[in-house]
Q: 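First the structure, which I've put down as structure tokens, then a few questions once you've had a look.
Just so we're on the same page: letters track the sequence lines, and every chain starts at 1. Values below: every heavy atom of this structure, side chains too, minus hydrogens, waters and symmetry copies.
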Amino acid sequence: MTDTRTRERQFLEVFQKVTKMVSMVLDHQQVMDTIVRTLPELFDVDACTIRLLDYSTNTFVLGAAHGLSLEYVSRQSIDTEETMALIKAGQPVARVNLDRDPSYQDREELFREGIKSILTLPILFQDSIIGIMRLLTRRHRVFSDEEISFSMSLAEQVGIAISNARMFKEMVNQVDFMQEVQALSKLVNSTLDLDTVLQTIVERVPRSMGTRACTIRLLNPQTNTLELVAAHGVSDNYLEQVQWESEDDIAMLLAGGSVAIFDVEGDERIKCRKHLVQEGIKSLLCIPIKVGQERIGVLQILSDEHHCFTSSEVNFAETVSEAGGTAIHNARTYQKINLLFNQIEENERFLADILDCIRPQLLVIDTEKHVVLANRVAMERLGRSEKEILGAEYSELCLVEGDNGECPVDQVLRDGNAVTLVHQVEQEDGVHWLERTATPMLDDQGQVQYVVEIIRDITTQRRLEQERMERVKLQGVVEMAGAVAHEINSPLFAALGTAQLLQEDVEDTEMGRDLSTIVRNLKAISQLTRKMTSMTGFKSRHYIGDTRIVDMSD
Amino acid sequence: MAEILALDDVQDATVLIGKILSKKGHNVHTFTEEDEAIEFAKKNRIDLAILDIKLKKLSGVEVLAMLKEHSPDMHAIMLTGYPTVETAREAISLGADEYCVKPIDRDELEEKVEKVLQTRK
């Protein structure tokens, strides 16, 4: 009775210690380490191990061990299939006299370690198995029902402790991740430079998740391939060699959701894993990068240690990927806008160059009669800079009136019809003729939006025209002179010759002197007709009133 | 004394040439019609033809060509009221000895005729 009470008290003390620990320790690794160290003494056993269930592989992975060699705890199998089946069903299994059981597997390891009895207990949390706890002895020991029952309660407490600690750690991680996501989002949204966005993500994500490397591949819609656009933490050799050219891989990465791969080398889902293995990558997390519903690429988080990615890690990576996707989309849009803007600028420059190259002056005037555009020639002619001319009042720059006294730009603004006007201006090198054509630029409703005025210096054209008219005039004059000379010269010849013959007969008489007058005047006419026949040009002189005649004085 | 043919569409001009050169002892045949002049030249010896460039139907240059065809040794003085480079060049190329612009002075006419006839000897 006393022994029973003593034992119950001992159980209570152990239970109290474990319960206290459950409420005190928040790191599940620390919980497990403390339990495996404390229980052997409290429970009068030689060793204790805790293994946790890896859901991805459905195997029990060593979490903590005390009192056993590394070689023993590192062995492949844990116990017989029968034992493991019972454990998975939530039943405790007590095995004694193992050294005498020839059928027990791993007998060699068991002998080396000197293990004689083992109590294996399922660690349950909310009726689900999350691990196993084993108490081992190196002497023959029989576990009583009482002990087994107590151990089950203890294992349950351990399950609560581990789960609480895991949840706490998960919460801490989530808070950390949230802060990290916030910081990362802020960073990637603070720039519109695509390379900076990509580089920020690949540098920050491994640091936040405690992994080695991160890469980003973006889908090239033209080639339907994933192009590596940013990487951090991988070797240059890997970057040179790595190819995700397998269509299967691209299809898998783009079609599915997030993929966590615990064992890269042995996972059949990755067709091209040679380079990853060479690079020493053990675990991998692939997250699609999405903009809305469209998948634009893949974010990969690479670990050089086997790593079981938790749901909060996956959530974190997905959130980062989403923020990254938006930032990438924004940066790409910005790039496109920039490109478009540059093209527009280029086109504007090209048009401006054309306008500057044309010889006529060009002005564009708005309906308020402000100058909105002027080419280089116009600015030079007006003697104003672009700054001075743009926005200036047109009426201050061009004081020109048409035949009706109205400015041609005013006429266009009023009537909506093109107007052409020619006028003279006095310039340093003389009088210039300018032809001004004001043309309306209409909007969609047919209303005048702007007036385009082109001012051409037609002085040379005018002069050529004048010269041509002079030539025509000269030609007429010369032809007329020739005709007159021809028609006059024959009768003049007859008259002059006859007068000279007569002069011979009546020399030294009054008639002879009169004939001399006739001969002299006929010779004067003869001189004139000679001038007329040799005319190649002429100048006119004033005669009477507005009349001008050809000057024959030279 | 020389046989001289004078052809001009202005009759007074032919009369004047006849008077001036007759006084110098030449035998002058005056015409205003080209065909009559050509016909005469074909039947008679002509030492010198004085031809106006502008005639009624033909040009003096054309008449010169015809007369030269019949009498290659015949001399010729061309007269014109309106000298042009083309008619001058054509006349000279057809063998005209002088190209004179009307109104020609009496002395100048006599001088040119004498000069041309001298080459005949």
Q: Which bit of B:V10 comes within less than 4.5 Å of chain A, counting heavy atoms only: side chain, backbone, both or neither?
A: side chain
Q: State, with a plain yes or no, whether a side-chain heavy atom of A:S490 is found less than 4.5 Å away from one of B:D52.
A: yes
Q: Between chain B and each of A:L522, A:T498, A:L501, count heavy-atom pairs under 4.5 Å; write down the option with the most.
A: A:L501
Q: Check the surroundings of atom NZ in A:K369: do more than 12 heavy atoms from other residues, nucleotides or ligands lie under 6.0 Å from it?
A: yes
Q: Above 12 or not: heavy atoms from other molecules or residues under 6.0 Å from CZ of B:R89?
A: no
Q: Find the one option among B:L109, B:L79, B:L16 whose heavy-atom pairs under 4.5 Å with chain A are most numerous.
A: B:L16
Q: Can you give me the closest heavy-atom contact between B:A13 and A:F493, atom names plus distance?
A: CB-CD2, 3.9 Å
Q: Which bit of A:E487 comes within less than 4.5 Å of chain B, counting heavy atoms only: side chain, backbone, both or neither?
A: neither
Q: Please flag which part of B:I53 lies under 4.5 Å from any non-hydrogen atom of chain A: side chain, backbone, both or neither.
A: neither
Q: Establish, from distance only, whether the side-chain atoms of B:D107 and A:Q500 form a donor-acceptor pair under 3.5 Å.
A: no
Q: How about CD on B:Q11, more than 12 heavy atoms from neighbouring residues, nucleotides or ligands closer than 6.0 Å, or not?
A: no
Q: In this structure, are over 12 heavy atoms from other groups packed under 6.0 Å from A:R359 atom CZ?
A: no
Q: Which residues from residues 93-100 of chain B are near chain A, with near meaning under 4.5 Å between non-hydrogen atoms?
A: none
Q: Please identify which of these residues, A:N489, A:L492, A:L496, meets the side chain to side chain contact (heavy atoms under 4.5 Å, CB included) condition with B:K102.
A: A:N489
Q: Can you find a pair of side-chain heavy atoms, one from B:P103 and one from A:T529, that are under 4.5 Å apart?
A: yes
Q: Taking atom CZ as the centre, does A:R381 end up with more than 12 heavy-atom neighbours from other residues, nucleotides or ligands that are less than 6.0 angstrom away?
A: no
Q: Mark yes when over 12 heavy atoms from residues, nucleotides or ligands other than B:K68 sit less than 6.0 Å from its NZ; otherwise mark no.
A: yes
